[in-house]
Engineer: 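The structure's right below; bear with me while I get my questions together.
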Amino acid sequence: MTQEKVNVLIIGSGPAGYTAAIYAARAGLKPVLYQGAQPGGQLTITTDVENYPGYPDGIMGPEMMEDFRKQAERFGTSIRYGMATKVDFSNPTAHKIIIDDTHEITTSAVIISTGASAKWLGLPSEQHFNGQGVSACAVCDGFFFRGQEVAIVGAGDTACEEAHYLSKLCKKVTMLVRRDEFRASQIMQDRVKNTPNIEILFNTETIEIIGDENGVNGARIKNNKTGEESTINVTGFFVAIGHQPNTGIFADYLTLDESGYIVTEKGSSRTNIEGVFASGDAQDKIYRQAVTAAGSGCMAALDAERYLSEKGLH
């Protein structure tokens, strides 16, 4: 196994990782960034991004991530393909990270920006129309469906919150709930039940998302109590059944919450391990936006720089 020592290692890309790289590089830390399984993060499977400041006409997600990458490289970040497969945080002055099971990196400061992955229903049509009417983020993409009829799958607080958000933009929102009840808090249940343009279909599962070259135009659904199948006419299909943070390899060392998100000190990116910092969707289960991820990446780089300075390592 090859070995290497670096000043700062950033695990993962996306807005958080690339922003952390920009700040760390400008501070002279010579960061090394490994892009992970999905270089550029979730935005690389997003089409139009209209809510990121600085792009008045909007921008394609992959193009924006390419801009982030170029800016990080401009200041001297070493950006590499590869995935962290194992970590050893037992020595606070020499954190070890294994890349692709073949390369060991030792560093005094680690910034984790591995993100989170949306949970999907697992339908082939869902992936086929991803970005063409299928979305896992109502706040990100709801604007594109204003005045239209949409469906949303889910039964928890997030699903109810996103359904209520969509109801302010869309003509009609159909909630598809697999069981005969919500999992959401009572206040969120009451909110959607009392919204006139939200229709709730309990005991309902999605069989297939229907569409053509222009995108989604409907969904085939099934009542799992009666077996009855039907079709709803929608142009947007939102999946709100949760996200899974990509934090499994850190579980032996870092404090994670019940959902697997990395716990950081309030108002900072510091974890329970000295010299290890977390940013973006790997530690943020509330906002999950590109702009907040970028902000937390900035925080992580500044925290890392201060930490290294205090230790006399920078």
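As the structure is a computational prediction, the values presented were derived from the model and not from experiment.
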Engineer: Between D100 and T102, is a side chain to side chain donor-acceptor pair (under 3.5 Å) present by the stated rule, with each step listed?
Structural biologist: CA-CA 5 Å; D100 295 331; T102 60; 5.4 Å; no

Engineer: Within a 6.0 Å radius of atom CZ on R80, are there more than 12 heavy atoms belonging to other residues, nucleotides or ligands?
Structural biologist: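 Count over threshold, so yes.
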
Engineer: Can a donor-acceptor pair be found, under 3.5 Å and without considering hydrogens, that links the side chain of T114 to the backbone of N246?
Structural biologist: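 Side chain of T114 to backbone of N246, a donor-acceptor pair under 3.5 Å: yes, one is there.
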
Engineer: Do NZ/NE/NH1/NH2 and the carboxylate oxygens of E73 and R69 come within less than 4.0 Å?
Structural biologist: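 A salt bridge is present here (some side-chain N lies under 4.0 Å from a carboxylate O).
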
Engineer: Is the terminal nitrogen or CZ of R146 (NZ for Lys, CZ for Arg) located under 6.0 angstrom from the six-membered ring centre of F143 and within 45° of that ring's axis?
Structural biologist: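 Geometry flag: set, cation within 6.0 Å and 45°.
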
Engineer: Could you check whether any side-chain N or O of S268 sits under 3.5 Å from a backbone N or O of R270, counting only pairs where one atom can act as donor and the other as acceptor?
Structural biologist: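 Checked: pair present.
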
Engineer: One thing to verify: whether K222 and E205 come together as a salt bridge, which I'm taking to mean a side-chain N less than 4.0 angstrom from a carboxylate O.
Structural biologist: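 No, this pair does not count.
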
Engineer: With a 6.0 Å cut-off (strictly less than), is the heavy-atom count around NZ of K171, excluding the residue itself, greater than 12?
Structural biologist: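 Incorrect, the count does not exceed 12.
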
Engineer: Are any side-chain N or O atoms of N7 and backbone N or O atoms of P31, one a donor and one an acceptor, separated by less than 3.5 Å?
Structural biologist: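 Pair absent, no side-chain N/O of N7 close to backbone of P31.
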
Engineer: Okay, side chain of T264, backbone of T271: is any donor-acceptor separation there less than 3.5 Å?
Structural biologist: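 Not confirmed, T264 side chain does not pair with T271 backbone.
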
Engineer: Of all heavy-atom pairs between S269 and D303, which one has the smallest distance, and what is that distance?
Structural biologist: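 Closest pair (atom of S269, atom of D303, distance): OG-OD2, 2.7 Å.
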
Engineer: Can you check side chain to side chain donor-acceptor pair (under 3.5 Å) on D101 and T85, steps first, answer last?
Structural biologist: CA-CA 6 Å; D101 296 319; T85 49; 2.9 Å; yes

Engineer: Regarding D190 and Q186, do their side chains bring together a donor and an acceptor under 3.5 Å, going by distance alone?
Structural biologist: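 A pair is found: one side chain offers a donor N or O, the other an acceptor, under 3.5 Å apart.
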
Engineer: Is there a side-chain contact between M60 and Y55 in this structure, where contact means two heavy atoms from C-beta onward sitting under 4.5 Å apart?
Structural biologist: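 M60 does not reach Y55 side chain to side chain.
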
Engineer: Between S296 (side chain only) and A293 (backbone N and O only), is there a donor and an acceptor less than 3.5 Å apart?
Structural biologist: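 Pair found, side chain donor or acceptor close to backbone of A293.
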
Engineer: If the threshold is 4.0 Å, N to carboxylate O, is there a salt bridge linking K285 and E258?
Structural biologist: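 Salt bridge between K285 and E258, a charged N being under 4.0 Å from a carboxylate O: yes.
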
Engineer: For Y307, is there any backbone N or O sitting under 3.5 Å from a side-chain donor or acceptor partner on S309?
Structural biologist: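 Such a contact is absent between S309 side chain and Y307 backbone.
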
Engineer: Kindly state whether the ring of Y81 and the ring of Y34 have centres lying under 6.0 angstrom apart.
Structural biologist: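 When the ring centroids of Y81 and Y34 are compared, they turn out to be at least 6.0 Å apart.
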
Engineer: Would you say that I111 contacts V8 through its side chain, given a criterion of any heavy-atom pair below 4.5 Å between the two side chains?
Structural biologist: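 With C-beta onward as the side chain, the pair touches.
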
Engineer: Taking T174 for its side chain and E199 for its backbone only, find out whether a donor-acceptor pair lies under 3.5 Å.
Structural biologist: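 The answer is no, because no donor-acceptor pair under 3.5 Å joins these two groups.
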
Engineer: Okay, side chain of E208, backbone of R220: is any donor-acceptor separation there less than 3.5 Å?
Structural biologist: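 No, the answer is negative, given that no donor and acceptor are paired below the 3.5 Å cut-off.
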
Engineer: Does H95 use its side chain to pair, donor to acceptor, with the backbone of E274 at less than 3.5 Å?
Structural biologist: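 Checked: pair present.
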
Engineer: If you measure from CZ on R288 to OH on Y261, what distance do you get to the nearest 0.5 Å?
Structural biologist: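 The CZ atom of R288 sits 5.0 Å away from the OH atom of Y261.
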
Engineer: Flag the pair N272 / T255 as yes when at least one side-chain heavy-atom distance between them is below 4.5 Å, and no otherwise.
Structural biologist: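 Contact flag for N272/T255 side chains = yes.
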
Engineer: Is the CD atom of E66 crowded by more than 12 outside heavy atoms at less than 6.0 Å?
Structural biologist: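 Yes, CD of E66 has more than 12 neighbouring heavy atoms, counting only those of other groups under 6.0 Å.
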
Engineer: Indicate yes or no: at least one non-hydrogen side-chain atom of L254 is less than 4.5 angstrom from one of I273.
Structural biologist: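 They are in side-chain contact.
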
Engineer: Does some side-chain heavy atom of E126 sit less than 4.5 Å from a side-chain heavy atom of N130?
Structural biologist: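 No; the side chains remain at least 4.5 Å from each other.
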
Engineer: If you take the centroid of each ring, where Trp contributes its six-membered ring, are Y23 and F75 closer together than 6.0 Å?
Structural biologist: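 Centroid distance F75-Y23: not below 6.0 Å, so no.
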
Engineer: Report the distance from atom CD of E305 to atom CG of L313, rounding to the nearest 0.5 Å.
Structural biologist: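 These two atoms lie 11.5 Å from each other.
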
Engineer: How long is the straight-line distance from CZ of R179 back to OG1 of T204, given to the nearest 0.5 Å?
Structural biologist: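 Rounded to the nearest 0.5 Å, the OG1-CZ separation comes to 13.5 Å.
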
Engineer: Are any side-chain N or O atoms of T107 and backbone N or O atoms of A109, one a donor and one an acceptor, separated by less than 3.5 Å?
Structural biologist: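 Side chain of T107 to backbone of A109, a donor-acceptor pair under 3.5 Å: yes, one is there.
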
Engineer: Please say yes or no: joined through hydrophobic side-chain contacts below 4.5 Å, possibly via intermediate residues, are F250 and F277 part of one cluster?
Structural biologist: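 Each belongs to a different hydrophobic cluster.
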
